2 protein chains.
Amino acid sequence: MKSTPTPAATQMDKPHPCDVCFQSKFCLPIGLPQAEMGRIRDVIQATVRVQKGETLFSAGQPMTKVYSVHAGSFKSYVTSPDGREQIVGFHIPGEMMGLEGLGQHTYFTDTVALEDSEACEIDLRALETTTRDLPSLQHQLHCIVGNKLVRAQQDQFSLGSMHADERLARFLLDLSERFKARGLSPDEFVLRMSREEIGSYLGLKLETVSRLMSKFHSAGLIHVAQRQIRITDRRALAELLMPQT
Amino acid sequence: MKSTPTPAATQMDKPHPCDVCFQSKFCLPIGLPQAEMGRIRDVIQATVRVQKGETLFSAGQPMTKVYSVHAGSFKSYVTSPDGREQIVGFHIPGEMMGLEGLGQHTYFTDTVALEDSEACEIDLRALETTTRDLPSLQHQLHCIVGNKLVRAQQDQFSLGSMHADERLARFLLDLSERFKARGLSPDEFVLRMSREEIGSYLGLKLETVSRLMSKFHSAGLIHVAQRQIRITDRRALAELLMPQT
DNA sequence: CGTTGATTTGAATATCCTCAACGTGCGTGG
DNA sequence: CCACGCACGTTGAGGATATTCAAATCAACG
């Protein structure tokens, strides 16, 4: 399954897509010394292909790797003893998955591809060793987990304090921003997840999500055709998040 | 404000209370070489006293330190642009605060003492430097952030998939476990936060929390007298979390 | 004691959910 | 190429859960 055959150093000019997660604007700026970039790349072991619906890793499994999305998209969900599932995150290219296993060395979520996708494997041992040598990589890792924690807190806010329509608006705007950060169109994109999956993530039922999509559509905030979304009135969508105005 | 005057090495026999967060059962077992323990202690700079209601750090502030609770308790909350507040966590002795700032070097929550409390300051630079030299400390830090991420996902499950009574039951059982892990009674304890604060954390209104406390009380699950709680039927409380049984 | 803030309790309401029916798009196979 | 079936999505009506508003009670503290 190894699909990174060329030594890292030879492709310095053309960044490997997996570097994205180490170069996000929130973290280190691009432009590290080449030697360091080479070593950072070396912790990326291989690229695995995962078909739509297939599981990348499961809760309870011993954890030896973290992953970054190379192409496609994934969902992560937790399952309670009585079988209820809650999606705790969607992942698009450049984002890391599996970090919550850092402590127990056990995955805590089931992570499944939403479409045919590819993920980069990063060996945990190699990552830990290399971060010790390479302060810039250490900092990068801290950035990533810090931002994961921030995102989790934002999700908590959404679930705990926002109304259904605000949650959906935030979801759409957040996705839009993330696409933009990856160089994709922020205004027009395809949802890779079902209404039910969106609902699970937002703590809503699929019917509620559907109703709100229709409501946003007829209010002229977005154009919806199945999973194809176009944001037509970003400002109004953003204003939903500030109810008093 | 410095209240750790004695060199770390001289008090090896009697662990400093702040070590707890570096020795949790979920992370490294106690019993590191003394030299390492000494260096780990050295990253703990000082102990700050915070009076009830005072702020330890605020969202948006530049972040140079993380903190661990030495004594007392804290709440962390996020505030939206329109002024709504959502408590995203309570912290008891041995737990770390401020880690979500790792990425942006900016705090993302307001963290406030629920009672007169003490927190240990840990300089971020010192922590980063020392973790590079000390694999055991690096691993410890990874454990802590990993467990933070797991906890955040559990909170997301609670907020997104559980009913009000289940959320409160989980809250009480979770607190109970954390007290137990710190050597305190798991069955009888004092809530340091108001009904409103519990409600904020659980995504409920204070009246709902109050009603459920009363309901649990009359159902014989717990004994409630203001903020004094005694868990009288742990099993029944736990069964609330598995609705089908 | 009287004031203040926190908590409890009640009644009416709103939001979101459940159940159910219907529509739409897409792939498969005739 | 069209028809069928199936998964997904939409829409409606009624109901449940948690909220809002309001009032009463309790505890702490000067």
Side-chain angles (χ1 to χ4, degrees), chain A residues 51-53 75 84-87 112 114-116 158-172 190-219 221-230 240 243-244, chain B residues 51-53 75 84-87 112 114-116 158-172 190-219 221-229 240-241 243-244:
Chain A
Q51 288 190 312
K52 178 175 177 171
K75 65 174 174 181
R84 283 179 286 183
E85 291 180 0
Q86 163 84 32
I87 293 180
V112 171
L114 292 172
E115 59 194 304
D116 292 356
S158 164
L159 289 165
S161 296
M162 287 172 117
H163 287 174
D165 53 352
E166 304 175 270
R167 291 186 213 173
L168 185 61
R170 186 192 83 102
F171 172 73
L172 292 170
V190 175
L191 299 174
R192 294 303 179 178
M193 64 296 283
S194 69
R195 300 290 189 263
E196 181 167 21
E197 287 166 331
I198 297 172
S200 171
Y201 174 63
L202 297 178
L204 303 170
K205 292 296 157 186
L206 65 112
E207 295 95 329
T208 305
V209 174
S210 179
R211 271 184 250 274
L212 289 170
M213 287 282 196
S214 305
K215 189 177 146 201
F216 287 0
H217 182 103
S218 37
L221 305 185
I222 58 176
H223 179 88
V224 186
Q226 284 81 249
R227 299 189 176 184
Q228 182 78 36
I229 302 284
R230 190 172 67 242
L240 271 183
Q244 85 299 3
Chain B
Q51 287 192 312
K52 178 175 176 170
K75 66 173 174 181
R84 284 179 286 183
E85 292 181 358
Q86 163 83 31
I87 293 180
V112 172
L114 292 171
E115 59 194 305
D116 291 356
S158 165
L159 289 165
S161 296
M162 288 171 117
H163 287 176
D165 53 353
E166 306 175 88
R167 290 186 213 174
L168 185 61
R170 186 191 85 100
F171 172 72
L172 293 170
V190 175
L191 299 175
R192 294 302 177 180
M193 64 294 283
S194 69
R195 300 290 189 262
E196 181 166 21
E197 287 165 332
I198 298 172
S200 172
Y201 175 61
L202 297 177
L204 302 170
K205 293 296 158 187
L206 66 116
E207 295 95 328
T208 307
V209 173
S210 178
R211 274 183 247 277
L212 288 171
M213 288 283 197
S214 305
K215 189 177 147 202
F216 287 1
H217 182 101
S218 38
L221 305 184
I222 59 178
H223 180 89
V224 187
Q226 284 80 248
R227 299 189 176 184
Q228 183 78 36
I229 301 283
L240 270 182
L241 303 184
Q244 84 299 4

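Throughout, protein chains are lettered first and strands after them, A, B, ... in sequence-line order, and every chain is numbered starting at 1. These values consider heavy atoms only, across backbone and side chains, with no hydrogens, waters or symmetry-generated copies. Note that the structure is a prediction, hence the values are computed from the model and not measured.
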Name every donor-acceptor pair, under 3.5 Å, that has one atom in a side chain of residues 205-215 of chain A and the other anywhere in the protein, sequence neighbours excluded.
| from | atom 1 | to | atom 2 | distance (Å) |
| --- | --- | --- | --- | --- |
| S214(A) | OG | S210(A) | O | 3.1 |

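Between K215(B) atom NZ and dA18(D) atom C1' there is a gap of 12 Å when expressed in whole angstrom units. Between R195(B) atom CZ and dT25(D) atom C1' the separation is 14 Å, expressed in whole Å. At whole-Å resolution of the value, NE2 in H217(A) and C1' in dG9(D) are 14 Å apart. Distance CD (Q228(A)) to P (dC8(D)): 19 Å, rounded to an integer number of Å. The separation between E196(A) atom CD and dA7(D) atom P is 13 Å, rounded to whole Å.
No side-chain heavy atom of F216(B) sits less than 4.5 Å from a side-chain heavy atom of V224(B). Within the 4.5 Å cutoff, side-chain heavy atoms of L172(B) are placed close to those of I222(B).
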Practice prompt. Check the pair I229(A) / V190(A) against side-chain contact (heavy atoms from CB on, under 4.5 Å), numbers first and verdict last.
Written response: CA-CA 6 Å; I229(A) 302 284; V190(A) 175; over 6 Å; no
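Residues satisfying the salt bridge (charged side-chain N to carboxylate O under 4.0 Å, His left out) test with R84(A), not counting sequence neighbours, are D82(A), E166(B). For Y201(A), the ring-ring contact (aromatic ring centres under 6.0 Å, His included) partners two or more places apart in sequence, or in a different chain, are F90(A), F171(A). For E196(B), the salt bridge (charged side-chain N to carboxylate O under 4.0 Å, His left out) criterion is met by no residue, not counting sequence neighbours. In this structure H223(B) satisfies the ring-ring contact (aromatic ring centres under 6.0 Å, His included) test together with H217(B), sequence neighbours excluded. A search for salt bridge (charged side-chain N to carboxylate O under 4.0 Å, His left out) contacts involving E115(A) returns R192(A), not counting sequence neighbours.
Proximity of a side-chain donor or acceptor of E197(A) to a complementary backbone N or O of S194(A) within less than 3.5 Å is detected. The closest donor-acceptor contact from the side chain of D116(B) to the backbone of K52(B) lies under 3.5 Å. At least one donor-acceptor pair closer than 3.5 Å links the side chain of S200(A) to the backbone N or O of I87(A).
Here L240(B) contributes atom CG and R170(B) contributes atom CZ; the two are 14.0 Å apart, rounded to the nearest 0.5 Å. Here the straight-line distance linking atom OG of S161(B) with atom CZ of R167(B) works out to 9.0 Å at 0.5 Å rounding. Note: L191(A) CG to I198(A) CD1 = 5.0 Å, rounded to the nearest 0.5 Å.
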Protein-nucleic acid N or O pairs under 3.5 Å, nucleotides 27-30 of chain D:
none

Could you go through nucleotides 11-16 of chain D and list every protein N or O atom that sits under 3.5 Å from one of its N or O atoms, giving the distance for each pair?
| from | atom 1 | to | atom 2 | distance (Å) |
| --- | --- | --- | --- | --- |
| dT11(D) | OP2 | S214(A) | OG | 2.5 |
| dG12(D) | N7 | R211(A) | NH1 | 2.7 |
| dG12(D) | O6 | R211(A) | NH2 | 3.1 |

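Remark: G203(B), L204(B), K205(B) in residues 197-205 of chain B come within less than 4.0 Å of DNA chain D through at least one heavy atom.
Across all non-hydrogen atoms, the minimal contact from L241(B) to A169(B) is CD2-CB, 4.0 Å.
Taking 4.0 Å as the cutoff to heavy atoms of chain B, we find the contact window on DNA chain C bounded by dA6(C) to dA11(C).
Comparing the helix axis at one end of the helix from dC1(C)-dG30(D) to dG30(C)-dC1(D) with that at the other, each defined from 5 consecutive pairs, gives an inter-axis angle of 30° (nearest 10°).
R167(A) comes within contact range of no nucleotide atom at all, as no heavy-atom separation falls under 4.0 Å.
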